[in-house]
**Q** 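My questions will all concern the structure given below.
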Number of protein chains: 2
Amino acid sequence: MRLRSAPLRGSKQKIFHAAIRLFRAKGFSATSMRDLAAACGMEASSIYNHYSSKEEVLQNILFERATEFFAQLDPILRMDLPAPMLLRMAVDRHVRVVTSDVDASMVFVQEWRHLTEPHLDHFISLRHQYRDYFIEILQKGIRTGLFRPINEKFAAVGLLSTLNALHEWYRPDGPLSISEIARQLSDQLLFGFMSTREDDLGPVMNTEEWNNSGNLESVNRNT
Amino acid sequence: MRLRSAPLRGSKQKIFHAAIRLFRAKGFSATSMRDLAAACGMEASSIYNHYSSKEEVLQNILFERATEFFAQLDPILRMDLPAPMLLRMAVDRHVRVVTSDVDASMVFVQEWRHLTEPHLDHFISLRHQYRDYFIEILQKGIRTGLFRPINEKFAAVGLLSTLNALHEWYRPDGPLSISEIARQLSDQLLFGFMSTREDDLGPVMNTEEWNNSGNLESVNRNT
DNA sequence: CCTACCGATCGGTAGG
DNA sequence: CCTACCGATCGGTAGG
């Protein structure tokens, strides 16, 4: 039984993983079915025994990742713990999913816009749903007074930006363990850079005011 | 004089801006020279009077943006101000460059990997140089005791991740002004989410420990 | 700036 | 899983 279905499932998995590598390296559009086939040691037409189109390969990669992110975050949300602890755990889970397949995570972040409808809409709604999980954590923190009264949507987007960039700089052979990365990311998000709460540097002068003071050339110049 | 050179420079600018819009919407690889020409109301071959290749169009977009980021950040670095203030100003400048052309900023962040050598190496070194500016600010903050003794490289990467994602969610007609966005981003980076310095929730339990305690299924399961 | 065109390559299908 | 092939389209050039 295992031997019988092995070749087919093996090939499909081979295509799946080769696609992740190629889509990451060259992008979805620049990767041809012939590139993908060559990476699997077969002809382009043979791929169509496993996937009906190039986009279907992308869909499989993207929604498999989405499923994994949700599977890991979901149990966290049901725990009745203080918001900072929830955030730490959610970040930890997210970091573990990303680092479990950096190539796939990069495709997840970068290539989803090549989906066509209705898959594109579906994907976007999943991303919003995931973001809403983090918004809930932030709201809970604000409600219980543990978090500052920040704009929780703004904060959630900033938070996810940081998490979603992990695939760009994570190296498995780097000096930090996955747990340490998650811990440091959480610390940075929870506490920021400042060593004290005050920022008593007088009124902040933004660029507009600074420009109006004549110190620098205009920002919105044309080249 | 203005009339004489106007048609040529006008066309080149037209191609330039159409390319920004198309590369943002479809990606560099999925945009054809015929797409680009059609958007400019000309034939594909006519583009080659202004640019020698598709990649050259991309190069122009990317390095123009890079120049703009540096032009805005450079004067900040020379100011002898406290690190938190430098950071606020640098973030403010960065936000202004991004919001001055959201499409071009998206191409800047997403499409640079389609450069070929030697342009790719050049671009990457410029990005590292830009990141090093922020590392310097962080180091200064740590040295003067205003910032916590964070890992400055780690922090700079997280910081830039947040800044580089701005193009994804910024809308010119949104409720926040550009100055307010810069201010809120700085606040988030400087102070984090917590309303107090302590995080007295007992020892943090990471996912590994939580799993070992038997509460949840394994994270690194295979699908 | 255009017409006309090049060889190469694209995603995908037919049929076995 | 392959051979053989489809029409469409690609980036780019010649020549005016």
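Note that the coordinates shown come from a computational prediction; the quantities given were computed from them, not determined experimentally. Sequence lines set the chain letters: A, B, ... in the order given, protein chains first and strands last, and positions in each chain run from 1.
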**Q** Using the side-chain heavy atoms of B:Ser11, tell me which of these nucleotides is nearest: D:dC1, C:dC1, D:dA14.
**A** C:dC1

**Q** Would you indicate which nucleotide in D:dT13, D:dC1, C:dG11 comes nearest to any side-chain atom of A:Met33?
**A** C:dG11

**Q** Expressed as a whole number of angstroms, how long is the span from B:Ile47:CD1 to C:dT3:P?
**A** 14 Å

**Q** Nearest whole angstrom, please: distance from the P of D:dT13 to the OH of B:Tyr51.
**A** 17 Å

**Q** So, are B:Glu56 and B:Lys12 salt-bridged, with charged N and O less than 4.0 Å apart?
**A** no

**Q** Nearest-Å distance, CG (B:Leu22) to C1' (D:dG11)?
**A** 16 Å

**Q** Identify which nucleotide among D:dA14, D:dG11, C:dG11 has an atom closest to any side-chain atom of B:Tyr48, counting heavy atoms from C-beta outward.
**A** D:dG11

**Q** Determine, for A:Glu168 against B:Arg113, whether the closest basic-nitrogen to carboxylate-oxygen distance falls under 4.0 angstrom.
**A** no

**Q** Classify the nucleic acid contact of B:Ser32 as base, sugar-phosphate or nothing, counting any heavy atom under 4.0 Å across all strands shown.
**A** sugar-phosphate

**Q** Tell me whether the rings of B:Trp112 and B:Phe123 are parallel (<30°), tilted (30 to 60°) or perpendicular (>60°).
**A** parallel

**Q** Distance check needed: C:dC10 P versus A:Asp35 CG, whole Å only.
**A** 6 Å

**Q** Looking at the side chain of A:Lys54, which of D:dT3, C:dG12, C:dT3 is the nearest nucleotide?
**A** C:dG12

**Q** Return whichever of A:Arg34 or A:Met42 has its heavy-atom-nearest nucleotide of DNA chain D closer to the 5' end.
**A** A:Met42

**Q** Between A:Leu36 (CG) and C:dC10 (P), how many Å, whole number?
**A** 12 Å

**Q** Separation of A:Glu43 atom CD from C:dG12 atom P, in whole Å?
**A** 17 Å

**Q** Can any side-chain N or O of A:Asp74 pair as donor or acceptor with the backbone N or O of A:Phe70 at less than 3.5 Å?
**A** no

**Q** What contact category does B:Ser53 fall into here, base, sugar-phosphate, or nothing, at under 4.0 angstrom with non-hydrogen atoms?
**A** sugar-phosphate

**Q** Using a heavy-atom cut-off of 4.0 Å across all strands, would you classify A:Ser29 as base, sugar-phosphate, or nothing?
**A** nothing

**Q** What pairs meet the salt bridge (charged side-chain N to carboxylate O under 4.0 Å, His left out) rule with one or both residues in residues 38-48 of chain A, with sequence neighbours excluded?
**A** none

**Q** Let me know the distance between CG of B:Asn49 and C1' of C:dC2, rounded to the nearest Å.
**A** 10 Å

